Amino acid sequence: MTEPQKHPTDTDQRLTDLEIKASYADDLLDTLNALVAKQQEQIELLLREVSRLRQRGGDDGVSGGPRDPRDELPPHY
């Protein structure tokens, strides 16, 4: 018993489906790449901020210099 031959339209449909999936995968890859780039910018910004805070407050977090009263918590906290 031989297997019936597939119609060329079946192959065309499968190829079209694969092309659609590849297109969605490319779009997802571009979206994820943009997200990773944005997160990297945020990480770099946060690292600069931490560095600035360390310079301002000393490495141990205790500084003898004046502090900004806006950074202090009110007594009821």
Side-chain angles (χ1 to χ4, degrees):
M1 297 189 109
T2 61
E3 189 174 319
Q5 289 184 335
K6 294 186 179 185
H7 299 322
T9 57
D10 291 341
T11 303
D12 290 341
Q13 183 61 43
R14 290 179 62 205
L15 182 59
T16 300
D17 291 344
L18 288 173
E19 288 173 342
I20 291 170
K21 286 181 182 182
S23 175
Y24 281 120
D26 284 343
D27 184 51
L28 177 61
L29 183 62
D30 290 341
T31 302
L32 291 175
N33 189 37
L35 180 63
V36 168
K38 182 178 178 183
Q39 287 178 337
Q40 183 62 38
E41 290 174 7
Q42 290 173 335
I43 288 170
E44 290 170 359
L45 176 69
L46 289 170
L47 288 173
R48 286 193 301 268
E49 182 69 14
V50 167
S51 176
R52 186 185 65 79
L53 288 172
R54 282 188 178 159
Q55 289 175 355
R56 185 176 135 210
D59 287 340
D60 57 359
V62 178
S63 175
R67 289 189 135 346
D68 189 352
R70 291 178 292 185
D71 292 339
E72 302 296 325
L73 289 175
H76 64 277
Y77 278 19

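Bear in mind that the values here come from a model prediction, so they are computed numbers and not experimental data.
- Ser23 contributes no side-chain N or O that, together with a main-chain N or O of Glu19, makes up a donor-acceptor pair within less than 3.5 Å.
- Tested against Gln13, the residues Asp17, Thr11, Thr16 include a single side chain to side chain donor-acceptor pair (under 3.5 Å) partner, Asp17.
- The closest side-chain heavy-atom distance from Arg54 to Val50 is below 4.5 Å.
- Side-chain contacts under 4.5 Å among hydrophobic residues (ILVMFWY), followed directly or transitively, place Leu18 with no other residue at all.
- For the atom pair CG (Asp30) and CG (Leu35), the distance works out to 12.5 Å, reported to the nearest 0.5 Å.
- Here the CG-OG1 distance, from Leu15 to Thr9, works out to 12.5 Å after rounding to the nearest 0.5 Å.
- Qualifying side-chain hydrogen bond (donor to acceptor under 3.5 Å, both in side chains) partners for Asp26, counting only residues two or more places apart in sequence or in other chains: none.
- With hydrogens and angles ignored, the 3.5 Å screen pairs no side-chain donor or acceptor of Ser51 with any backbone N or O of Leu47.
- Residue pairs meeting the salt bridge (Lys or Arg N to Asp or Glu O under 4.0 Å) criterion with at least one member in residues 39-51, sequence neighbours excluded: Glu49-Arg52.
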